[in-house]
Amino acid sequence: MSKQPPVKSKKLGIIGQVAIYFIIALFVVGVVIYFIQTLLSNQQVSSQTESYADNLAAEVENAMLEYPAIEWLMDYWYNHSAELDIEYDVDFYEINETAKKARDLTARNPDLEIRYAREEDLEALSEEDQKLYAEITYSWLLTRVNQIKLSYDVNYLFCVISEAPYDHQFFVFSGYNHGMKRGTGYEDAYILGVEVDVSEAQQEGMQAARDFESHLADAGDYVDYYSFSGIYGDHTVFLGMTYSQKELKDSMAKLTLSESLFSVANAAVMAALCMLVLYILVLKPLGKVSANIHLYKNTKDSSTVRDNLKDVRPNNEIGTLSGDIVDLTREMDDYMVNLQTVTAEKERLDTELSLGSTIQASMLPGEFPAFPERSEFNIYASMDPAKEVGGDFYDFFLIDDDHLYMTIADVSGKGIPGALFMMMTKIILANNTMSGKSVSQIMHDTNMAVCANNKADMFVTVWVGILEISTGKLTCANAGHEYPVLKKPDGQYELLKDTHGFVIGGIPEMQYKEYEIQLEPGTKIFVYTDGVPEATNGLNEQFGPERMLEALNGEPDAEPEKILENVRAAIDGFVKDAEQFDDLTMICFEYKGTGEQEVK
């Protein structure tokens with residue numbers, strides 16, 4: 001039985017994909033329109049509510065200001081709230097206790113017009129009549145406030161005295177309507193003198209009202225409103241209200257939904273028309289272009305592709321794309337011809353770089369132990385270039401039986417230029433050393449030779465040391481290089497902040513100072529290039545001299561080779577996967593002394 005080839009599922013065409021995207025876009029647009037219109041309607045509700053609250057507050061303030069002695073009254077109500085016998089929620093037109101009080105007060109003070117009495121008129125009254133006046137006007141004002149509350153249909157309407165930081169309220173009056181309870185409970189219409197602690201949100205509301213005259217805070221289906229009424233005597237007075245906006249919000253939500261659906265329907269009709277035009281002008285010719293791209297991908301038959309696309313030339317971007325693809329097939333033909341030449345050239349360059357790296361490595365001492373026949377010292381060195389070839393180098397050799405030359409250097413450049421400059425400097429240093437010169441003279445003469453033909457304006461930092469093996473006297477000079485690290489017998493590795501001269505290749509005729517270190521048996525010296533402390537991890541943090549010393553002192557008595565392994569392991573653990581950006585070069589030298597010296 002023959003095996004049937006697998007049936008390939010038919011891919012959704014571009015018109016289908018565009019249709020899906022249009023549907024998704026319509027949904028997204030509908031949601032966006034709905035939320036935008038909801039936001040606008042909420043802003044409209046908030047604006048209307050704030051205007052509504054401002055008008056209400058203005059009406060209450062006008063009712064208060066009908067009494068010329070309102071400041072005196074505020075002070076009296078605040079200081080005598082517990083003494084007043086107030087008749088709450090009376091009717092102006094009914095015979096009640098307040099009306100009887102008004103008749104009694106007028107009878108005793110016939111010249112007193114109760115509603116229009118001024119502060120100086122009240123000061124002339126007896127204490128009993130002052131109390132009576134405060135009770136009458138409070139009842140009258142509260143009745144007016146109740147009428148305002150009823151006409152504006154707010155849930156709570158009140159006046160409080162509160163001082164910064166507004167964490168406490170003294171209720172002057174609280175509006176009342178039928179169905180409410182007058183008392184001191186949480187949902188009651190408060191009587192005069194009720195004092196309450198307020199929430200942080202209420203404190204912020206009163207502070208905002210004090211700063212900006214009024215403040216409206218949206219609390220879901222309700223709004224809280226504070227208005228700064230003014231300073232009455234020594235008291236800061238606020239008007240407040242709580243107002244339900246649920247019905248208004250529900251109405252606006254229905255209107256918003258209907259408008260959003262209408263907008264989406266219009267967008268759907270426009271989308272269908274756009275898709276039809278898109279198919280005729282874009283998708284159909286684009287399908288032909290796509291088919292020929294696929295043909296070229298599989299066959300690389302550029303001639304057939306160019307013939308097929310001759311008639312796809314609408315005067316728009318599709319025509320431009322068709323022409324570009326035709327041009328691209330010609331360029332690809334040329335590119336494929338050139339690719340083999342470029343690949344061969346790259347392979348040749350890679351081979352030359354690899355050979356250059358091998359040559360550079362062969363110029364540095366690389367066999368260890370370097371001097372197996374010498375028991376007075378041990379030395380180990382390593383160099384890991386950041387590129388195929390590097391600009392760092394080290395060198396050491398015996399000048400004679402009693403003198404060992406050591407150097408480490410860092411060229412300012414990297415890659416091939418740095419490698420060439422490095423080899424030149426290494427050879428000049430070695431030649432000057434073998435001439436029997438002092439360390440300072442070696443540095444001076446090397447600098448003169450490098451400066452004489454330094455058209456590239458490169459430079460190199462160098463540390464040189466010459467050890468008199470029989471005595472342990474190490475004579476050194478430093479041309480702008482990193483501080484060496486010294487470990488005395490039974491001690492720890494520590495930075496030796498030696499005297500620095502200027503870099504080699506910078507300024508001709510520079511004089512370099514040399515210094516001496518007396519090495520005792522067991523002394524070690526570690527020199528390195530700046531690639532060690534400046535090794536950088538993925539967070540752009542540097543390894544630094546502190547971590548370097550910590551790695552050295554992990555096993556301070558280890559052999560030089562192990563010391564370098566420990567430092568390199570610490571660097572690798574710090575930088576992890578970060579790319580090496582600079583050469584890493586290190587030398588560790590241990591002076592063991594002659595047989596006549598005692599190893600500590």
Open item on the list: Would you compute the distance between atom NE2 of His168 and atom CD of Gln202 and round it to the nearest 0.5 angstrom?
Closed with: 12.5 Å

Task: Atom pair CD (Glu494) and CD (Gln492), whose distance is rounded to the nearest 0.5 Å - done: 8.0 Å

TODO: Start with the C-alpha distance between Asp557 and Lys524, add both sets of side-chain angles, then the distance that settles salt bridge (charged side-chain N to carboxylate O under 4.0 Å, His left out), and finish with yes or no.
DONE: CA-CA 9 Å; Asp557 296 324; Lys524 292 177 183 174; 5.2 Å; no

Open item on the list: I want to check something: taking the side chain as every heavy atom from C-beta on, are Leu404 and Phe589 in contact at a cut-off of under 4.5 Å?
Closed with: yes

Task: Enclosure of Asp401 CG (heavy-atom neighbours >12, cutoff 6.0 Å) - done: no

TODO: Drop me the distance from Met458's CE to Met424's CE, to the nearest 0.5 angstrom.
DONE: 8.5 Å

- [ ] May I ask you to check whether Asn566 and Glu555 show a side-chain donor-acceptor distance below 3.5 Å?
- [x] yes

- [ ] Pick out which of Asp530, Asp392, Asp384 makes a side-chain hydrogen bond (donor to acceptor under 3.5 Å, both in side chains) with Thr585.
- [x] Asp392

TODO: Answer with yes or no whether the side chains of Thr594 and Glu376 bring together a donor and an acceptor at under 3.5 Å.
DONE: no

- [ ] Would you check if there is a donor-acceptor pair between the side chains of Thr461 and Asp410 at a distance under 3.5 Å?
- [x] no

TODO: Step through the shown structure and confirm whether more than 12 heavy atoms of other residues, nucleotides or ligands are within 6.0 Å of CD on Glu534.
DONE: yes

Open item on the list: For the residue pair Asn432 / Gln441, report whether a side-chain donor-acceptor contact shorter than 3.5 Å exists.
Closed with: no

Open item on the list: side-chain contact (heavy atoms from CB on, under 4.5 Å) for Tyr225 and Ser214? Distances and angles first, verdict last.
Closed with: CA-CA 7 Å; Tyr225 174 85; Ser214 65; 3.5 Å; yes

TODO: Give the minimum heavy-atom separation between Ser440 and Tyr512, together with the two atoms involved.
DONE: CB-O, 3.0 Å

Task: Over all atoms of both residues, closest heavy-atom pair of Ile442 and Thr446 - done: O-OG1, 2.7 Å

TODO: Would you confirm whether the ring centroid of Phe238 sits within less than 6.0 angstrom of the ring centroid of Tyr166?
DONE: yes

Open item on the list: Could you check whether any side-chain heavy atom of Val460 comes within less than 4.5 Å of a side-chain heavy atom of Val450, counting everything from C-beta outward?
Closed with: no

Open item on the list: Distance check, rounded to the nearest 0.5 Å: Thr407 atom OG1 versus Ile587 atom CD1?
Closed with: 7.0 Å

Open item on the list: For a quick check under 3.5 Å, do Asn478 and His481 share a side-chain donor-acceptor pair by atom type?
Closed with: no

- [ ] Please report the closest heavy-atom contact between Gly506 and Asn447, naming both atoms and the distance.
- [x] N-OD1, 3.9 Å

Task: Verdict with reasoning, Glu163 to Thr236, per side-chain hydrogen bond (donor to acceptor under 3.5 Å, both in side chains) - done: CA-CA 6 Å; Glu163 308 298 337; Thr236 305; 2.9 Å; yes

Task: Reported CE-to-CE distance for the pair Met586 and Met383, which is rounded to 0.5 angstrom - done: 12.0 Å

- [ ] Check whether any side-chain heavy atom of Asn378 sits under 4.5 Å from a side-chain heavy atom of Glu559, and report yes or no.
- [x] yes

- [ ] Heavy atoms only: give me the nearest Ala477-Val439 pair and the separation to one decimal.
- [x] CB-CG1, 3.3 Å

TODO: Assert yes or no for the condition that the ring centre distance of Phe371 to Phe377 is strictly below 6.0 Å.
DONE: yes

Task: Spacing of Met434 atom CE and Leu429 atom CG [to the nearest 0.5 Å] - done: 13.5 Å

TODO: Kindly say whether the aromatic ring centers of His500 and Tyr483 come within a distance under 6.0 Å.
DONE: yes

Task: Whether Arg547 side chain and Phe543 backbone form a donor-acceptor pair below 3.5 Å - done: yes

Open item on the list: Checking the side chain of Asp402 only, and the main-chain atoms of Glu468 only, is there a donor and an acceptor separated by less than 3.5 Å?
Closed with: no

- [ ] Dump the intermediate steps for ring-ring contact (aromatic ring centres under 6.0 Å, His included) on Tyr528 and Phe526, then the final yes or no.
- [x] CA-CA 7 Å; Tyr528 53 95; Phe526 174 80; 5.5 Å; yes

Task: More than 12 heavy atoms of other groups within 6.0 Å of Asn540 CG - done: no

Task: Non-hydrogen atoms of Ile525 and Leu474 that approach each other most closely - done: CD1-CD2, 3.9 Å

Open item on the list: In the structure I gave you, are the side-chain heavy atoms of Met423 and Leu420 within less than 4.5 Å of one another anywhere?
Closed with: yes

Task: Side-chain touch His444/Met510, heavy atoms, less than 4.5 angstrom - done: no

Open item on the list: Checking Tyr493 against Asn553: is there a side-chain donor and acceptor pair closer than 3.5 Å?
Closed with: no

Task: Nearest atoms (heavy-atom pairs only) where Tyr591 meets Gly472 - done: OH-N, 3.3 Å

Open item on the list: Less than 4.5 Å apart, side chain to side chain, heavy atoms only: is that true for Val462 and Met443?
Closed with: yes

- [ ] Please check if any side-chain donor atom of Glu520 sits under 3.5 Å from a side-chain acceptor atom of Thr523, or the reverse.
- [x] no

Task: Val527 side chain reached by Met406 side chain, heavy atoms, under 4.5 Å - done: no

Task: Any side-chain heavy-atom pair of Phe393 and Thr529 under 4.5 Å - done: no

